[in-house]
Number of protein chains: 2
Amino acid sequence: MKYEAVTIKDIAKALGLSTSTVSRALRDSYEISPETKKIVIEYAQQINYRPNPIALSLKEKRSRSIGIIVCEIANSFFSQAINGIESIAYDKGYNVIIAQSHESYEREIINLQYLASRSIDGLLISVSSETENLDHLINLHKRGFPIVFFDRVVEDLATHKVGVDNYKGAYDATTELIKNGHQNIAMVAGSEFLSITKERVAGYHQALSDHDLPFDANQIEYCLHGGMLYEEVENALEKLLYHNNNKPTAVIASADKLTTNCLRYFKSKNLQVPSDIAMIGFSNLDLTDLLSPSLSVIRQPAFEIGQVAIELLIKQIENKRPTTEFEKIILQPQMIIRESSGAKKS
Amino acid sequence: MKYEAVTIKDIAKALGLSTSTVSRALRDSYEISPETKKIVIEYAQQINYRPNPIALSLKEKRSRSIGIIVCEIANSFFSQAINGIESIAYDKGYNVIIAQSHESYEREIINLQYLASRSIDGLLISVSSETENLDHLINLHKRGFPIVFFDRVVEDLATHKVGVDNYKGAYDATTELIKNGHQNIAMVAGSEFLSITKERVAGYHQALSDHDLPFDANQIEYCLHGGMLYEEVENALEKLLYHNNNKPTAVIASADKLTTNCLRYFKSKNLQVPSDIAMIGFSNLDLTDLLSPSLSVIRQPAFEIGQVAIELLIKQIENKRPTTEFEKIILQPQMIIRESSGAKKS
DNA sequence: CTAAAAACCGGGAACGATTGCATAAATAAA
DNA sequence: TTTATTTATGCAATCGTTCCCGGTTTTTAG
């Protein structure tokens, strides 16, 4: 069943005018007499005429839609970031097409091809945790396609980038645990490919060294799928807690899904938080306050990250000349101390 | 900065053929010789030719994109439903444009106009909790525009509808609480405008009456914004617990956000669940098992709802003749009993 | 060897809207 | 009255693709 829309031709025919006159009248051109304008505009309103955006896109060579690729929308951080993106995009007359990589490199490529073939005007992407090879992005980028990275940025490409101060977030979290008496602090980290992981590890590392605590590489476990699979978090924690000479009394989880899956593991093992094992995690969940014990978190300004990213992207899209100067914007994370990061059993 | 794509004309010029020949060669028409086809296809591949979907849309009068309107994507139920929708849509070559009403009637209308003007081929909608007047939907529907309702369906329109057995979900939840010894069970319900609210109230009502318990209208509080605002849930619970001769020992929350905000309220008032007040709620959150006490929930098959809805929509879009027979599909919710619905203090 | 039938390919209209250019009529200036 | 100028409108190209309608060559049949 087709849904037939009113076109400019219908108006022209009905009013005995040419399509150009109608088009100009609707755009309020100075070349059209006030009387003709009035007739056209009133008739258009009456039959509920709407310009066909597809025809416009074809002519203008732009679709006024932008693509977003994230791992999962069912992830508080990303759904909040998307809210930020949409809040600006809709105001500026762009619509967004969201695609999910589900942390798969392969699906990221498929999504990218799909979006590119839907002729989007630009791309906002937070790469999948499997993404190491960047050819798919480099290809587009070389051809002058506007790309902005957010959260999981890729350093090797000259584009706008928006993220948080991951180093500081991890540094603060580690320091908080140290202050509460923990000397053996482990880290459950995301994919090693991601720069955010490296930065968070670096922050953790530095905090230990600033407090004269030894750094032990065995205290870090990387999860390739960023905690999306419970099993990988389970394995990581098994190793850290039971196959490690140096049993930690506290854990830092470096991503949303890692944080919740760590909790799930502790619960299944009947480990009390924070007395058996303390923890603090990166998380943007809205109900970390409702958990028992309430969860200490590093929270990222997801909404703002989305807003800044889309603004940079639209600026680049609407630029007449190719962009040569790219910005890297770093927002500050927020540490919320609650119960889970407390002192160990004495 | 414009991103110039390769067109069929470029191929034609480079190969000394006409655009029609190139077009046919790429579509594997029988009218083109195998040799020509080979040359064209290889060259197209080499220069990475992609057909322009906008030009196709203009010609075919369809955009192969469908609109989704939900209240919030940062809501487990809806993000899961969207995952279900996308899983099918992408396979069938459709892309989805997501818009959020944030439970506002006004924004729902704006979104609808926006989507319609973006020439989507069909619409999947779960109406906002403020939506009482349906003119905006009726208008589109009258013109033969394909619409499928999911979750929050609207009975007055002849369209496909997909939802869960809300009556049964609430009936089971109520029965479970009764079995655990609760005689005074209150309900924190969503917007009165929504049919799902009415059905859930009816299920609750029937369960009470089947167990010879009195029904007291003062034991139900409606939240117009479906729990999106903490204050409305707070007000509702204040009334139920402290301005009510009949203080409940258990509460049923009839939506995701209501459930979490009830918990937040109990926590703020230092009420122990389930000993001070038991509860069970509709929720699709993935970490209700991690709460203390773990939360008993009615879980909806969100992913499947999304899948069924998009399948019906695509079927309708691709139908040659106008659809006259509409389906209403009801899936079964799942009750997961955990700690929060336990017995009251004895 | 001729006529018919394949086989293969190009021209151009169409989709809906915009826009540079041409044109006609009306008015103003000389 | 003639020319110049303004005013108001139409024609046609354009964006990228498909497809109807022809047209030419080659093959096949009689």
Side-chain angles (χ1 to χ4, degrees), chain A residues 2-41 43-45 47-65 93 116-121 143, chain B residues 2-41 43-45 47-65 93 116-121 143:
Chain A
K2 285 245 173 59
Y3 163 78
E4 299 290 345
V6 178
T7 77
I8 223 168
K9 269 188 201 165
D10 300 328
I11 302 179
K13 203 177 293 172
L15 264 41
L17 292 167
S18 75
T19 58
S20 27
T21 306
V22 174
S23 171
R24 272 186 274 251
L26 291 171
R27 320 204 109 239
D28 201 26
S29 161
Y30 67 97
E31 302 183 277
I32 305 295
S33 71
E35 303 87 58
T36 314
K37 271 185 196 168
K38 189 158 170 288
I39 297 172
V40 171
I41 290 170
Y43 184 73
Q45 209 149 35
I47 62 172
N48 197 31
Y49 166 79
R50 306 255 164 232
N52 182 330
I54 295 194
L56 282 173
S57 290
L58 184 59
K59 189 135 189 32
E60 312 250 322
K61 296 197 173 210
R62 55 190 306 222
S63 60
R64 293 197 79 86
S65 64
S117 85
R118 301 301 302 191
S119 54
I120 52 172
D121 293 342
R143 288 185 281 165
Chain B
K2 285 244 174 61
Y3 163 78
E4 299 289 349
V6 178
T7 78
I8 225 167
K9 269 189 201 164
D10 301 327
I11 301 180
K13 203 176 293 170
L15 263 40
L17 294 167
S18 75
T19 58
S20 20
T21 305
V22 174
S23 172
R24 271 186 277 251
L26 292 171
R27 323 203 108 239
D28 202 25
S29 160
Y30 67 97
E31 302 185 277
I32 306 296
S33 71
E35 302 87 58
T36 313
K37 272 183 195 170
K38 189 158 170 287
I39 296 172
V40 171
I41 291 171
Y43 184 73
Q45 208 148 37
I47 61 172
N48 197 32
Y49 165 78
R50 307 256 164 231
N52 183 330
I54 296 193
L56 282 173
S57 292
L58 183 59
K59 194 131 203 355
E60 314 241 320
K61 296 196 173 211
R62 58 191 303 223
S63 60
R64 295 197 79 87
S65 62
S117 86
R118 301 301 301 192
S119 55
I120 52 172
D121 294 342
R143 288 186 281 164

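What you see is a predicted model; the values in this text were computed from it and never measured. These values consider heavy atoms only, across backbone and side chains, with no hydrogens, waters or symmetry-generated copies. A note on names: the letters A, B, ... follow the listed sequences, proteins ahead of strands, and every chain is numbered from 1.
- In this structure, A:L58 places its CG atom 6 Å from C1' of D:dG16, rounding to the nearest Å.
- Rounded to whole Å, atom P of D:dG16 lies 15 Å from atom CD1 of A:I54.
- When heavy atoms are screened at a 4.0 angstrom cut-off, B:R24 is found touching base atoms of the nucleic acid.
- Between the CD atom of B:E60 and the C1' atom of D:dT17 there is a distance of 9 Å, given to the nearest Å.
- Using a 4.0 Å heavy-atom criterion, one finds that B:S33 contacts the sugar-phosphate atoms exclusively.
- Between the C1' atom of D:dT17 and the CZ atom of B:R64 lies a distance of 15 Å, rounded to the nearest Å.
- Residue contacts shown for B:S57 are absent, as no nucleic acid heavy atom lies under 4.0 Å away.
- The phosphate of D:dT9 has neither OP1 nor OP2 within less than 4.0 Å of any side-chain N or O from A:Y30.
- For A:T19 and B:T19, each mapped to the nucleotide of DNA chain C holding its nearest heavy atom, the one lying further toward the 5' end belongs to B:T19.
- Using a 4.0 Å heavy-atom criterion, one finds that A:L17 contacts the sugar-phosphate atoms exclusively.
- Side-chain proximity of B:T36 to the nucleotides C:dG10, D:dT17, C:dC9 is greatest for C:dC9.
- Nucleic acid contact for B:S20: base, since at least one base atom lies under 4.0 Å from a heavy atom of the residue.
- Between the side chain of A:S63 and the main chain of A:S119, a donor-acceptor pair closer than 3.5 Å is present.
- Between B:K9 and D:dC15 there is a side-chain polar atom (N or O) within less than 4.0 angstrom of OP1 or OP2.
- The separation between B:K61 atom NZ and D:dG16 atom P is 21 Å, rounded to whole Å.
- Across B:I54 and A:L58, no two heavy atoms sit closer than the pair CG2-N, 3.6 Å.
- When the C1' atom of D:dT7 is taken as reference, atom NZ of A:K37 falls 12 Å away, rounded to whole Å.
- Summarising the geometry, the separation between CZ on A:R62 and C1' on D:dG16 is reported as 18 Å, rounded to the nearest angstrom.
- For B:S23 against D:dC19, no side-chain N or O and base N or O form a donor-acceptor pair under 3.5 Å.
- Mapped onto DNA chain C by nearest heavy atom, A:K59 and B:E35 fall at different nucleotides, with B:E35 at the one closer to the 5' end.
- Side-chain atoms of B:R64 come within 3.5 Å of backbone N or O of B:G93 as a donor-acceptor pair.
- Counting all heavy atoms, side chain and backbone alike, B:L56 lies closest to B:P51 at CD1-CB, 4.3 Å.
- Across all non-hydrogen atoms, the minimal contact from A:Y49 to A:L26 is CE2-CD1, 3.7 Å.
- Residue A:T21 places at least one side-chain N or O under 4.0 Å from the OP1 or OP2 atom of D:dG10.
- Protein atom CD of B:E31 is 14 Å distant from nucleotide atom P of D:dG22, rounded to whole Å.
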